[in-house]
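Note sheet for the following structure.
In what follows, every heavy atom counts, from backbone to side chain, and hydrogens, waters and symmetry copies are set aside.
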Amino acid sequence: MNSEIQQFPPSRHSTVSHEQEHGHSEDAHHQENAHHEPNFWQKYIFSSDHKIIGLQYGITSLAFMWLALMLMLLMRWQIAHPGKPVPIFGPVLASILGQPAAGGVISPDLYNSFGAMHGTMMIFLGIVPLAFAAFGNYVVPLMIGAPDMAFPRVNMASYQAYFLGSLVMFVSFFIPGGAAQAGWTSYSPLATSIPTHGQLFWIIGMVLLITSSLLGAVNFIATIIQLRAPGMTWMRLPFFVWAQFVTAFLLLLAFPPLEAASLMQLMDNVAHTSFFLPTGLAVGGNLAHISGGGSPLLWQHLFWFLGHPEVYVLILPAMGAVCEIIANNTRKPIWGYKSLVYSVLTIGFLSFIVWAHHMYMTGMGTKISTFFQATTMIISIPSVIILTCLFISLWGGSIRFNTPMLFALAFLPMFGIGGLTGLPLGFNLSDVHLHDTYYVIAHFHYVVAPGTIFGLFAGLYYWFPKITGRKMNEFWGRVHFVCSLIFMNIVFMPMFAQGMAGMLRRMSDGGANYSAAMNSRAGADVVGGLSDNMMSLHVWILWAAIALGIAQIPFIINLFWSIKHGEKVGDNPWQATTLEWQAPTPPPHGNFEHVPHVYRGPYEYSVPGHDTDFTPQNEPERPVGSKVSLATAH
């Protein structure tokens with residue numbers, strides 16, 4: 001190992017001479033040889049290397065996202081064909097889950113479990129660990145020129161807490177009574193009144209997951225502040241690093257209230273306290289034997305104080321990845337870099353004062369609701385600035401339409417649809433009619449599914465060559481993109497219409513009991529009710545959802561096939577400027593052969609007078625008109 005790595009990270013004002021560095025190289029060589037080669041468990045299971053931990057997060061989170069997708073398909077079957085056995089998988093469900101899936105039919109209780117666990121797995125076990133922990137762990141230290149995270153063992157503990165929490169969540173499917181049934185929001189007193197242990201497992205899993213996020217957030221903040229390479233000033237940071245930095249602060253400040261609330265709800269479940277249980281609570285027509293005096297609204301406040309910053313925890317890393325990919329594939333500097341940075345910092349601040357727009361229906365006074373709808377409108381401004389900067393960056397670019405760029409380009413209008421459709425939910429007047437309808441499902445999923453997940457797919461295709469030294473297959477990447485884009489829109493776009501027609505969410509029969517056809521057959525005089533057209537959309541959505549699931553199969557095969565058989569590439573196949581592409585591929589322990597020094601901003605593309613259309617951040621300044629070989633950039 002090069003002796004310079006032993007000195008890394010150096011002091012910003014290091015006075016160590018060249019002779020002193022090499023004077024210790026022999027000792028360092030002997031020390032290196034004295035260490036035994038780590039075995040499989042040490043290298044891949046209990047590793048403290050940020051790259052391995054990033055891969056651990058990535059593999060685990062992708063597995064849970066796939067499981068959550070399967071739960072969604074089962075729910076869509078029950079909604080489209082209520083009371084009918086699930087084809088093919090019905091007998092399997094009955095054998096695994098027993099009575100709740102008797103005869104292969106998804107019971108209302110099982111539907112509630114699937115709904116709660118789909119949301120929990122997608123958000124807390126899937127997208128957040130993939131966007132923040134997996135991409136952040138692997139890419140951020142490389143981007144800032146660091147050898148590792150600031151606290152490698154804390155990093156390892158963070159993944160272990162996440163894995164234990166996800167395991168507790170998963171195991172809850174197989175206990176008597178099944179998994180949690182109170183939704184991914186776990187509202188009290190419902191969460192305490194359901195007579196199963198599923199909610200207990202859910203809350204214990206959440207405490208572990210929150211602990212994992214807090215450990216990771218502290219680590220990211222310390223790493224970005226302390227371990228930047230010489231010359232990597234704040235305004236030379238890639239936007240992806242800024243996005244991860246703000247995300248870490250969101251987690252650090254928003255998760256502790258929910259962890260405290262989770263422990264209080266845990267006590268309500270096991271110690272019969274009444275933190276969230278009011279006096280006079282009736283369960284099943286009988287007064288509950290509780291001390292009372294608690295506040296169910298307190299849980300909602302504590303949950304949504306995390307819940308809305310959580311939306312930006314989901315979206316900001318995806319925005320960062322999209323920014324990197326657009327700059328690289330337009331071959332020009334990103335437009336409005338400082339505007340992007342100030343906008344993401346503004347989003348981070350404002351996200352803490354908008355949470356109660358989720359609670360307009362709780363009897364909120366007009367003055368308070370006016371405040372929260374004002375802050376909700378204001379927070380849309382920096383989001384629009386970010387999208388505008390990314391759109392303007394496309395103007396005049398020599399655009400390369402590879403798979404990462406296709407997903408990045410699709411992210412822009414998809415996130416735009418999600419954001420614009422959120423504005424009516426931010427106004428308390430219109431939210432009265434749209435609250436808890438399918439409109440909310442469509443809005444949120446446009447932000448998270450074709451929004452965030454497309455950004456993460458773009459990042460996977462983009463950084464895969466750095467991780468493995470091989471590219472993913474371009475043809476199957478395009479197939480994955482086109483099919484996902486089409487079927488994602490067919491799944492979620494009709495839900496806007498259903499929601500505006502009054503279709504409520506969280507109904508295991510998809511609103512069939514409220515349909516005009518059902519009531520007219522019963523001889524009732526129908527006033528309003530859900531039309532046959534609205535109800536028939538469920539079947540279209542079901543088949544589009546099945547096609548969306550099938551469309552992920554090329555991606556899965558491509559991902560694993562390309563690890564061994566993909567096209568081999570060098571250190572910088574995309575001809576990018578940021579530091580991760582100047583490291584060896586795949587990066588070794590310590591990441592860089594020499595300490596990188598940064599001389600310029602992150603997006604120096606197509607600089608006039610330069611011999612290439614990209615100038616890496618670590619390429620030394622040179623006199624105007626002189627030529628430099630690409631070898632000097634490494």
Side-chain angles (χ1 to χ4, degrees), residues 71 74-75 78-79 82-83 93-94 97-103 105-120 168-169 171-207 261-304 358-359 361-363 435-437 503-515 518-519 522 524:
L71 295 181
L74 293 171
M75 292 165 63
Q78 167 62 17
I79 290 170
L93 283 177
L97 301 177
Q99 185 59 35
V105 177
I106 298 174
S107 67
D109 285 345
L110 186 58
Y111 176 89
N112 288 340
S113 285
F114 284 176
M117 298 308 290
H118 165 77
T120 302
V168 170
M169 293 275 192
V171 166
S172 67
F173 279 109
F174 308 104
I175 64 173
Q181 299 177 24
W184 77 278
T185 56
S186 190
Y187 276 3
S188 285
L190 178 63
T192 310
S193 305
I194 298 173
T196 71
H197 294 299
Q199 208 66 37
L200 179 63
F201 276 64
W202 187 93
I203 208 74
I204 293 172
M206 278 302 299
V207 170
S262 299
L263 291 172
M264 287 191 281
Q265 192 178 86
L266 180 63
M267 291 299 101
D268 283 0
N269 273 290
V270 301
H272 307 294
T273 56
S274 295
F275 290 109
F276 306 119
L277 303 178
T279 302
L281 175 65
V283 179
N286 300 310
L287 284 176
H289 296 289
I290 56 172
S291 59
S295 171
L297 287 185
L298 176 60
W299 169 267
Q300 291 194 35
H301 280 292
L302 294 172
F303 180 89
W304 288 116
H358 296 272
M359 300 171 60
M361 301 294 284
T362 59
H435 185 82
D436 261 350
T437 67
M503 186 175 290
L504 297 176
R505 63 194 298 195
R506 301 192 180 98
M507 302 183 74
S508 62
D509 62 358
N513 283 328
Y514 291 87
S515 66
M518 176 75 75
N519 286 280

Legend entry - Counterpart residues, ring pair (Phe, Tyr, Trp, His ring centres under 6.0 Å), relative to His197 (two or more places apart): none
Legend entry - Contacts of Asp268 that satisfy side-chain hydrogen bond (donor to acceptor under 3.5 Å, both in side chains) - sequence neighbours left out: Thr273
Inset, instruction - Sequence neighbours left out, what passes side-chain contact (heavy atoms from CB on, under 4.5 Å) with Thr279? Give chain and number order. - result: none
Inset, instruction - State, yes or no, whether a side-chain contact exists between Phe303 and Trp184 at a heavy-atom distance under 4.5 Å. - result: yes
Legend entry - Taking every non-hydrogen atom, the tightest pair across Leu74 and Phe114: CD1-CE1, 3.7 Å
Inset, instruction - Look up atom CE in Met359 and atom CD in Gln300, then write down how far apart they are to the nearest 0.5 Å. - result: 4.5 Å
Legend entry - Set of ring pair (Phe, Tyr, Trp, His ring centres under 6.0 Å) partners for Phe276, sequence neighbours left out: Trp299
Inset, instruction - Evaluate the side-chain proximity of Asn112 to Ile194: yes if any heavy-atom separation is below 4.5 Å, no if none is. - result: no
Inset, instruction - Please identify each residue that fulfils side-chain hydrogen bond (donor to acceptor under 3.5 Å, both in side chains) with Ser186, with sequence neighbours left out. - result: Gln199, Gln265
Inset, instruction - Report the C-alpha separation of Leu302 and Met264 in whole Å, then their side-chain angles, then the decisive distance to 0.1 Å, and conclude whether the side chain to side chain contact (heavy atoms under 4.5 Å, CB included) test is met. - result: CA-CA 11 Å; Leu302 294 172; Met264 287 191 281; 4.0 Å; yes
Legend entry - Qualifying residues under side-chain contact (heavy atoms from CB on, under 4.5 Å), relative to Ser508, sequence neighbours excluded: Gln78, Pro108, Tyr111
Legend entry - Gap between atom NE2 of His301 and atom NE2 of His358 - 0.5 Å precision: 12.5 Å
Legend entry - Side-chain heavy atoms of Met169 within contact of Met206, under 4.5 Å: yes
Legend entry - Reported OG-to-CG distance for the pair Ser262 and Asn269, which is rounded to 0.5 angstrom: 11.0 Å
Inset, instruction - Would you indicate whether the side-chain heavy atoms of Leu287 and Leu281 approach each other to under 4.5 Å? - result: no
Legend entry - Residues in side-chain contact (heavy atoms from CB on, under 4.5 Å) contact with His118, at least two apart in sequence or another chain: Ala68, Leu71, Met72, Met75, Met122, His445
Legend entry - Closest approach of Val283 to Ser193 (non-hydrogen atoms, all atoms of both residues): CG2-OG, 3.9 Å
Inset, instruction - List in chain and number order the residues that pass side-chain contact (heavy atoms from CB on, under 4.5 Å) with Phe174, two or more places apart in sequence or in another chain; answer none if no residue qualifies. - result: Ile96, Phe170
Legend entry - Val171 vs Phe201 side-chain heavy atoms within contact, under 4.5 Å: yes
Legend entry - Pairs involving residues 506-515, ordered by first then second residue, that meet salt bridge (charged side-chain N to carboxylate O under 4.0 Å, His left out) (sequence neighbours left out): Asp436-Arg506
Legend entry - Nearest-0.5 Å distance that lies between atom CE in Met267 and atom CD1 in Ile203: 10.5 Å
Legend entry - Any residue meeting side-chain hydrogen bond (donor to acceptor under 3.5 Å, both in side chains) with His272, in chain and number order, not counting sequence neighbours: none
Legend entry - From CZ (Phe275) to CG (Leu266), nearest 0.5 Å: 10.5 Å
Inset, instruction - Return the minimal non-hydrogen interatomic distance between Met117 and Ser172, and the atom names on each side. - result: CE-OG, 4.2 Å
Legend entry - Closest non-hydrogen atom pair between Ile79 and Met507, with its separation: CG1-O, 4.2 Å
Inset, instruction - Please assess Thr192 against Ile290 for the test side chain to side chain contact (heavy atoms under 4.5 Å, CB included), listing each intermediate value before the final yes or no. - result: CA-CA 11 Å; Thr192 310; Ile290 56 172; over 6 Å; no
Inset, instruction - Mind listing the closest non-hydrogen atom pair of Ala179 and Ser113 along with its distance? - result: O-OG, 3.1 Å
Legend entry - Shortest non-hydrogen contact from Pro189 toward Leu277: CB-CD2, 3.6 Å
Inset, instruction - Could you pull out all residues at least two apart from Trp202 that satisfy side-chain hydrogen bond (donor to acceptor under 3.5 Å, both in side chains)? - result: Thr120
Legend entry - Any pair counted as side-chain hydrogen bond (donor to acceptor under 3.5 Å, both in side chains), so long as it reaches residues 283-298, sequence neighbours left out: Ser274-Ser291
